[in-house]
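Each remark here refers to the structure printed beneath this line.
What's counted below: heavy atoms across the whole structure, side chains too, no hydrogens, waters or symmetry copies. In each ligand, atom 1 is the first atom listed, and ligand 1 is the first ligand listed.
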Amino acid sequence: MVDVVLGAFYGDEGKGKVIDYLSKDCKYAVRFSGGNNAGHSIEVDGKKFAFHLIPSGILNKNVKAILGNGVVIDPKVLIEEINNLKENGYPVDNLYISDKAHLILPYHIELDGMLEDIRGERKIGTTKRGIGPAYCDKFQRCGIRMEDFISEKFESYLRTNVENKNTILKAYGYDELSSDDIYNEYKEYAKILKPYICDTTTMLHKALKNNEKILCEGAQATLLDIDFGTYPYVTSSNPTIGGVSIGSGIGSKYIDNVYGVIKAYSSRVGEGPYVTELTDEVGDKIRELGHEYGTTTKRPRRCGWLDLVALNYAIMLNGITGIAMNHLDTIGKLDKIKVCVAYEVDGKREEFFSTNMDFLNKAKPIYEEFDGNFGDISNCKTYDELPDNAKKYIERIEEITNTKIKFLGTGAGREDIIVR
Ligand code: IMO
Ligand code: MG
């Protein structure tokens with residue numbers, strides 16, 4: 001009944017492409033965590049769409065796209081996305097926003113920048129979209145939910161919060177914000193978004209009763225999880241499997257397939273450990289070949305080889321039932337490809353991942369090497385058509401992870417996907 005797509009590494013694995021494919025057979029596409037720190041790009045008929053908030057499933061017009069209660073929403077960004085879709089021929093009459101989702105407001109964005117400045121050696125390299133401070137307010141129970149946003153309460157809730165945040169900003173020498181300015185601007189956004197806001201949990205439960213298929217779209221990724229990632233170099237939500245239930249209201253008993261998305265190599269943006277990172281010209285080459293620059297922040301991504309120690313951790317943690325691997329075409333442009341199969345830590349071989357910082361800082365990758373030069377695979381529509389070198393690479397990964405690679409991305413376009 002419910003399929004889930006999750007990032008298996010540090011984000012930017014190409015989740016949008018897999019989601020776009022799977023949503024063809026779905027009635028609902030649901031975002032359950034994160035906010036506009038995400039950047040999911042899909043190419044349809046030569047046109048590139050970059051979604052930060054709206055579920056990518058919306059490109060299939062029969063799909064109802066839901067922003068679940070676990071998402072934090074910057075209304076300005078959301079309205080821009082809605083307008084962009086409308087300009088491109090999508091009516092956006094199939095978008096539903098949870099009344100329980102929390103708002104990202106200008107003070108969250110200010111505080112995100114301020115906190116990065118004062119964090120010292122624990123600087124994270126956040127996207128500065130206000131994500132962390134918005135989740136902090138949610139847990140501190142002073143957050144403003146969508147249902148408040150469109151009610152009379154919005155003005156007084158907002159003014160109290162701005163006053164409180166201003167004392168913090170002032171204490172650290174940052175400019176204070178005007179609650180008048182924010183209120184006057186945001187009350188207009190509330191009017192625009194009001195028709196989309198509803199009880200999405202009940203909607204999803206009605207769908208489950210009617211046996212309608214639901215796709216849950218992960219943002220961020222396993223190693224960025226606030227609990228199971230490389231803390232403190234993580235995001236402020238749970239992009240792992242538990243986040244699906246918390247952030248949508250769908251109980252775990254309904255979940256069927258869990259697809260973990262990876263690239264045929266790896267990347268990371270922001271600070272934090274990364275065992276298979278390549279800081280040499282091979283890393284630069286992967287970045288150029290794979291266009292590894294942020295969809296959200298335009299930052300060059302750190303690039304490296306695929307890490308099966310980390311992937312096995314993601315598989316265990318999320319109960320991943322199938323892998324989706326993107327950028328097979330990109331990796332196939334190299335002469336030689338490496339894959340990390342274990343770590344060496346204090347002279348010992350380790351096959352289990354740990355988020356312990358000491359462990360990760362000491363870990364050295366142990367690689368297996370493969371022949372690349374796959375040639376042009378853009379016309380391969382089935383697994384059998386792939387060259388032997390590609391098959392050897394794929395099958396060895398399946399062997400070590402004991403998990404089937406169900407989807408293979410062979411290019412940027414919507415149709416560049418092999419399904420097994
Ligand atoms: P998608 O959905 C890659 C990273 C940021 C930073 C850390 C914390 O496109 O895979 P935050 O702004 O969330 O407080 O930043 O998490 N990060 C991502 N990296 N892809 C993402 O999403 C990310 N979302 C957050 O770069 O290191
Ligand atoms: Mg991203």
Shortest-distance N, O or S atom of D12 relative to the Mg ion (ligand 2): OD1
In this structure, are over 12 heavy atoms from other groups packed under 6.0 Å from K123 atom NZ? yes
Tell me whether Y383 at atom OH has more than 12 heavy atoms from other residues, nucleotides or ligands lying less than 6.0 Å away. yes
Any side-chain donor near an acceptor of the partner, [X] and [Y], under 3.5 Å:
X	Y	answer
Y274	S266	yes
D137	H102	no
S178	D180	no
Y174	D117	yes
N37	Q220	yes
R299	T297	yes
Y293	E288	yes
R119	T126	no

Would you check whether [X] has a nitrogen or oxygen atom less than 3.5 angstrom from a nitrogen or oxygen atom of ligand 1?
X	value
N37	yes
D112	no
A219	no
E271	no
Q220	yes
G39	yes

When you measure from the side chain of E116 to the backbone of I124, do you find a donor-acceptor pair of N or O atoms at a distance under 3.5 Å? yes
Calculate, to the nearest 0.5 Å, the distance between atoms CD1 and CG belonging to I144 and N161 respectively. 5.0 Å
Can you pull out the closest protein heavy atom to [atom]? Residue, atom name and distance to 0.1 Å, please.
atom	result
atom 13 (O) of ligand 1	T235 OG1, 2.6 Å
atom 12 (O) of ligand 1	T127 OG1, 2.6 Å
atom 18 (C) of ligand 1	L224 CD1, 3.5 Å
atom 27 (O) of ligand 1	V269 O, 3.1 Å
atom 15 (O) of ligand 1	T126 CA, 3.3 Å

Option nearest atom 19 (N) of ligand 1 (shortest heavy-atom distance, choices Y135, Y10, F51): Y10
Counting each atom of ligand 1 from 1 as listed, which ones have a heavy atom of [X] under 4.0 Å away?
X	result
R299	5 (C), 26 (O)
H40	1 (P), 2 (O), 9 (O)
G125	5 (C), 6 (C), 26 (O), 27 (O)
V234	7 (C), 8 (C)
G270	27 (O)
A38	1 (P), 2 (O), 9 (O), 22 (O)

Mind checking whether [X] contacts ligand 1 via backbone (N, CA, C, O), side chain (CB onward), both or neither, at a 4.0 Å heavy-atom cut-off?
X	result
D12	both
K15	side chain
T296	neither
Y233	neither
R129	neither

Under 6.0 Å from the six-membered ring centre of F49 and within 45° of its axis: does the NZ or CZ of K47 meet both? yes
Mark yes or no: K76 above the aromatic ring of Y189, with NZ or CZ under 6.0 Å from the six-membered ring centre and no more than 45 degrees from the axis. no
